[in-house]
Number of protein chains: 2
Amino acid sequence: MRNEVDPAAAIAPQIYRLLRQAIVTLEYLPGQRLSEQEIGARFGVSRQPVREAFIKLSEAGLVRILPQRGTFVVRISLKDVANARFVREAVEVAVATAACAVAPPEALDRLGDLIALQKEAAASDDQRLFLRYDEAFHRTLAEAVECASAWPFIEDVKAQMDRVRYLSLPAASPMSLLIDQHAEIVKAIAARDAERAGDAMRLHLREILNSLPRLARAHPELFEDDEMPAHAREAASATFGRDVAPA
Amino acid sequence: MRNEVDPAAAIAPQIYRLLRQAIVTLEYLPGQRLSEQEIGARFGVSRQPVREAFIKLSEAGLVRILPQRGTFVVRISLKDVANARFVREAVEVAVATAACAVAPPEALDRLGDLIALQKEAAASDDQRLFLRYDEAFHRTLAEAVECASAWPFIEDVKAQMDRVRYLSLPAASPMSLLIDQHAEIVKAIAARDAERAGDAMRLHLREILNSLPRLARAHPELFEDDEMPAHAREAASATFGRDVAPA
DNA sequence: ATAACCATACTACCATACCAGTTAAGCGAG
DNA sequence: CTCGCTTAACTGGTATGGTAGTATGGTTAT
């Protein structure tokens, strides 16, 4: 978060990116108050672009704006994470399925390149870099089916999941597993097997359900006191069989 | 658009709703310039909340903000409409599928009530009211699977489609057809038949593909000069067999 | 000791002022 | 008449000021 803003470019989006990154990486913890005044002073900008960043953050569900009271980083809500995951699974499974019909071979090459880069990042144990390539992989796949204009929506939804992702970084699902899942997705698309590609993507995106209950128990102070909706328990038990009920 | 704003409530969201409505109903046509100054004067508010409304409209893809030049209503883009439809189909088919597993009977009752209201609106030929109940139907279904927090997401995506919807109002898909499709969705969910529910929703949401090429030819001045992405042509031909190619 | 009150110091929101960049019209030179 | 420059009138982006509402801490009355 020490990055300076570029006064030549539009400031508000830069502040948004910086704050989002800080929240998602848990540099700003749930409950923390964000002051327009203070953030503006820290980056040497006025309150107005900071305010616009706050509004976007609140739409992404990362902060809660209470008029005349303050703006606060929200706790991680199992319900919100599960719903975000639900939406993301729906969209990206559809993307993977569609890719089998319409993705050009060059796109598959690019996806292969990104997997190779992820392997490098995993080899040097650079988790941040790994996550960057992970995001690039999913975005590239969306572009492959000419859904680039749909990516910003996925990106918004992803915010809820990303924070959990960073929370699980120390002992996450091993990077090698995620790489294998990416590879399986690409292989299925290359084989033009729509059902297999969809299933592979579904399995990949349900991975987070495996660690979520454990993380919620390990860090209760970071989590909202709510439960996952029924559709998430369904999805988890269908994939992993257990370890999803609160108990 | 003649509605006044309520100065007691937050102004920016009100302006957003009013402008969105005006654009979607084609009261503001593509290419029209929107001036912060002028809109603010018309509603008796300052430029600031208007500006925030513009930002949201641009994120929904309804206007394009060109810094230091102006803000303009964008033409309808076949690509954007098709992508929005793709995303919406993915999410709502997943919702319909999940509803079979988790929707409580009371939710099905509410959906039945909304279908009855739609029939009334159709009987009195009130198209605006019909569209309102249509939206309520889809939102209620999302709530039935505890995906209420996912609805704002669908609502954003829907903006692109709604404008086409209003454009097609005079001679749209007959309301009775859409009501039958809603009824079929509810029946499938009541029967807990996930595959049938998903297919019914898919068919329902692909209806727009049936009229889109015709509308684009009939109103070329309203449309961006682009083509639907491959996935949309796939979806259309899979459902309707033809009349989707530009020719 | 406790409870009610009030002054103070915040907050977000809206309004206003200022700035830099774009556009286009008007004027002057060729 | 045509081309090129200047300039004035816009634009959106940012900074700053004003306002109403909320939390808080200290003081006073009970």
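Order of the sequence lines fixes the chain letters, A, B, ..., with proteins taken first and strands second; residue numbering starts at 1 for each chain.
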TODO: For residues 74-96 of chain B, pull every pair meeting ring-ring contact (aromatic ring centres under 6.0 Å, His included), keeping only residues two or more places apart or in separate chains.
DONE: B/Phe86-B/His231
- [ ] Look at the side chain of B/Gln37 and decide which nucleotide, out of D/dT22, D/dT11, D/dA15, has an atom nearest to it.
- [x] D/dT11
Open item on the list: Taking the nucleotide of DNA chain C with the nearest heavy atom to each, does B/Val45 or B/Pro67 sit closer to the 5' end?
Closed with: B/Val45
Task: Closest-nucleotide 5' rank along DNA chain D - winner of A/Gln68 and A/Arg47 - done: A/Arg47
Task: Residue-phosphate contact under 4.0 Å: A/Ser46 side-chain N/O, D/dA15 OP1/OP2 - done: yes
Open item on the list: Check A/Glu135 with A/Lys158, please: is the shortest side-chain N to carboxylate O separation under 4.0 Å?
Closed with: yes
Task: Qualifying residue for salt bridge (Lys or Arg N to Asp or Glu O under 4.0 Å) with A/Asp162, from A/Arg20, A/Arg85, A/Arg132 - done: A/Arg20
Task: Separation of D/dG12 P from B/Leu66 CG (nearest whole Å) - done: 9 Å
Open item on the list: Output the rounded distance in Å from CG (B/Leu57) to P (D/dG12).
Closed with: 13 Å
- [ ] Would you kindly give the CD1-to-C1' distance between A/Ile65 and D/dT22, to the nearest whole Å?
- [x] 16 Å
Task: Ion pair check, B/Arg42 and B/Glu38, cut-off under 4.0 Å - done: yes
- [ ] Could you say whether A/Arg69 or A/Gln48 is positioned toward the 5' end of DNA chain D, judged by the nucleotide with the nearest heavy atom to each?
- [x] A/Gln48
TODO: For B/Glu38 and D/dG12, give me the distance from atom CD to atom P, rounded to whole Å.
DONE: 11 Å
Open item on the list: Tell me whether B/Gln32 at atom CD has more than 12 heavy atoms from other residues, nucleotides or ligands lying less than 6.0 Å away.
Closed with: yes
TODO: Under 4.0 Å from any heavy atom of chain B: name the first and the last nucleotide of DNA chain C that qualifies, 5' to 3'.
DONE: C/dC14 to C/dT23
Open item on the list: Classify B/Leu34 by what it touches in the nucleic acid, base, sugar-phosphate, or nothing, heavy-atom distance under 4.0 Å.
Closed with: sugar-phosphate
- [ ] Walk me through it: do B/Glu52 and A/Arg51 pass the test salt bridge (charged side-chain N to carboxylate O under 4.0 Å, His left out)?
- [x] CA-CA 10 Å; B/Glu52 284 163 20; A/Arg51 168 176 160 75; 3.0 Å; yes
- [ ] Determine the contact category for A/Ile15: base if any of its heavy atoms lies under 4.0 Å from a base atom, sugar-phosphate if only primed atoms, P, OP1 or OP2 are that close, otherwise nothing.
- [x] nothing
Open item on the list: With a cut-off of less than 4.0 Å, is there a side-chain N or O of B/Ser35 near OP1 or OP2 of D/dC10?
Closed with: no
TODO: Mind running side-chain contact (heavy atoms from CB on, under 4.5 Å) on A/His138 and A/Glu92 for me, showing each step along the way?
DONE: CA-CA 8 Å; A/His138 288 272; A/Glu92 293 214 46; 2.8 Å; yes
- [ ] Round to a whole Å and report the spacing from CZ of A/Phe43 to C1' of D/dA15.
- [x] 18 Å
Open item on the list: Expressed as a whole number of angstroms, how long is the span from A/Gln14:CD to D/dT14:C1'?
Closed with: 13 Å
